[in-house]
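Structure record follows, encoded as structure tokens.
The analysis underlying the following values was restricted to heavy atoms, covering all of them including side chains, and did not include hydrogens, waters or symmetry mates. Order of the sequence lines fixes the chain letters, A, B, ..., with proteins taken first and strands second; residue numbering starts at 1 for each chain.
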2 protein chains.
Amino acid sequence: MSDVKKTLEYFEQANFPAVCQVCNARVHGICGALKMPELVHLGRYTKQRHLRKGEVIAFDEDDVIEYANIVSGVVKLTKILADGRQQIVGVQFAPEFVGRPFSDAVKITAEAATDIEICVFPKKALESMLDEAPDFERRLFGQTLVQLDEAREWMVTLGRKTASEKVASFLLLLTRHVAKPIAGSNAVHFELPFTRADMADFLGLTIETVSRQMTKLRKARIIEIENSHHITIPRIAALEGASEIET
Amino acid sequence: MSDVKKTLEYFEQANFPAVCQVCNARVHGICGALKMPELVHLGRYTKQRHLRKGEVIAFDEDDVIEYANIVSGVVKLTKILADGRQQIVGVQFAPEFVGRPFSDAVKITAEAATDIEICVFPKKALESMLDEAPDFERRLFGQTLVQLDEAREWMVTLGRKTASEKVASFLLLLTRHVAKPIAGSNAVHFELPFTRADMADFLGLTIETVSRQMTKLRKARIIEIENSHHITIPRIAALEGASEIET
DNA sequence: CGCTTCGTTGAAACACGTCAATAAGCGTGG
DNA sequence: CCACGCTTATTGACGTGTTTCAACGAAGCG
């Protein structure tokens, strides 16, 4: 059976939760591991939410720790030191899962970097799925391993790269997630979902240094800046060269 | 039944693999999730190895990707940039699991920071356990989540702390894992399982800066250095103060 | 003993941070 | 539509924490 036909049949099954029909997590996210009765069950406890840029995903609302799937938009994970110094420790895109299973002691904040749509469900609903559907746990485990890979790769960036390489690495990361190709060339373009302050917090720099490195990359013709949030990468290879890829 | 009696009964069961009897992973590690037949099965594919300080845990020996449990000693995980810059992205102690399930594409090196004993088993043995024993997968998932927490906490250290705070944070980390209390005081003491170069690679600093910050902490009476690898922490609270704990 | 590796310390260089001024974008209200 | 205030981004001048370069001492080992 062709992929197209499979997809058609798939969407013709009208009895699974309406919100899941347009949700990417249903296909590529953790919910893809769920069979119909499980999905319906989880759907009963699920609420959709829209959050504006800057709003925090509250995990302890109504005294119930909650989890979420990102339906659209970008989420940033931040940690803060006692004196206010801040570090972004992760960035997540649709259809990734947000939350820390099995522990509510981890001090981390999940905040909407753009306007976002999320699908929230209570702690208990997730943990019963975990026990009942082995594939579900496997997918969540897989996502966690990828996040660990990403965190470790970013540790190299934070610990050993120069300011210029850091900014280039960050733009390269975004290129992989939110860039759109430009017809008739091998250039790509994207809208930066972050402020300079966000970038600084992710890179362990100040906003001034980020700004200076951006103009440095622009003057070196490695990036083009239409305005501060619209970036074009004419040659990805050049950006990779400026990022000092690991061996 | 008392814990002691339980433990006695446990060790009287003579038919599980001899090496497991003294292995901490059998109790607190991932193997603790295995029942007798599974343990015997895994034991058949298991080999114990001694590695000297500096040796690399090879995961592709005999064309078979392998995994390992740490029986004793300390392991460091490192990543290297094309021009040789190096970053340690993780430190592991007994009885932790070493390896990256489900992928052999992650560029990371596991190296013995001290002389170590490990228990290695092939990819297939692990993955069949994963499919057959849900508790086993759950424990591995749990360890991965803890590693992710640790990695993110370390990102804050790398991105936002000063050299002095970095060194203090590192010593505090070791205090939690390898320190022994000193009788008749609330001081603790430990043998540093790392060279200054290792510390520098973990902290994103140079060896000279690490050395300078160590003497600075010594002069501030926050640490005592018997010789370069034997450290005493007279008051842990003072070290925590120098580490800038997160909120 | 020499040789090598490892750690410490000093002086100078520099990358990044800090402080400050200015401009650009954007919603609000007159 | 422009004026106003506010936030965000850019750029410059200057300061400083960390690196770089170098010398030296201590410890391990044939």
Under 4.0 Å protein heavy-atom contacts per nucleotide of nucleotides 12-30 of chain D, with B for base, S for backbone only and - for none: BB----SBBB---------
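- Between Asp149(A) and Arg100(B) there is a salt bridge, since a side-chain N of the basic residue sits under 4.0 Å from a carboxylate O of the acidic one.
- Checked by atom type, the side-chain pair His189(A)/Glu226(A) shows a donor-acceptor distance below 3.5 Å.
- Atom NE2 of His28(B) has 12 or fewer neighbouring heavy atoms from other residues, nucleotides or ligands inside a 6.0 Å radius.
- Counting 5' to 3', DNA chain C first comes under 4.0 angstrom of a heavy atom of chain B and last does so at the ends given by dG7(C) to dA11(C).
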Name every donor-acceptor pair, under 3.5 Å, that has one atom in a side chain of residues 173-182 of chain A and the other anywhere in the protein, sequence neighbours excluded.
residue, atom, partner, partner atom, Å
Thr175(A), OG1, Leu171(A), O, 2.8
His177(A), ND1, Leu173(A), O, 3.3

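- For the pairing with Leu192(A), the side-chain contact (heavy atoms from CB on, under 4.5 Å) check across Ile231(A), Thr114(A), Asp198(A) returns one residue only, Ile231(A).
- The bend of the helix from dC1(C)-dG30(D) to dG30(C)-dC1(D), defined by the angle between the axes of its first five and last five pairs, stands at 30° to the nearest 10°.
- When all heavy atoms are compared, the tightest approach of Glu96(B) to Gln92(B) is OE1-NE2, 3.3 Å.
- With rounding to whole Å, Phe194(A) atom CZ is found 15 Å from dT8(D) atom P.
- Ionic pairing of Arg160(A) and Asp201(B) is present here: one or more N-O contacts between side-chain nitrogen and carboxylate oxygen are shorter than 4.0 angstrom.
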After noting the C-alpha distance and the side-chain angles of Glu117(A) and Ser72(A), does the key distance pass the side-chain hydrogen bond (donor to acceptor under 3.5 Å, both in side chains) rule? CA-CA 5 Å; Glu117(A) 290 175 276; Ser72(A) 70; 2.9 Å; yes
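- The aromatic rings of Trp154(B) and Phe170(B) sit perpendicular to each other, their planes meeting at more than 60°, with 30° as the lower class boundary.
- Between Phe202(B) and Phe194(B), a ring centre-to-centre spacing not shorter than 6.0 Å is recorded.
- Of the residues in residues 75-93 of chain A, not one places a heavy atom less than 4.0 Å from an atom of DNA chain D.
- A side-chain donor-acceptor contact under 3.5 Å links Glu55(B) to the backbone of Arg52(B).
- Within a 6.0 Å sphere centred on NZ of Lys123(B), heavy atoms belonging to other residues, nucleotides or ligands number more than 12.
- When the options Arg85(B), Gln87(B), Lys79(B), Lys107(B) are evaluated for a side-chain hydrogen bond (donor to acceptor under 3.5 Å, both in side chains) with Glu246(A), the one that passes is Lys79(B).
- For the segment residues 219-232 of chain A, residues with any heavy atom less than 4.0 angstrom from an atom of DNA chain D are, sorted by number, Ser228(A), His229(A).
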One pair to check against side chain to side chain contact (heavy atoms under 4.5 Å, CB included): Glu111(B) and Val75(B). What are the steps and the verdict? CA-CA 6 Å; Glu111(B) 184 182 331; Val75(B) 170; over 6 Å; no
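- Here the side chains of Asn24(B) and Val71(B) are not in contact, with every heavy-atom distance at 4.5 Å or above.
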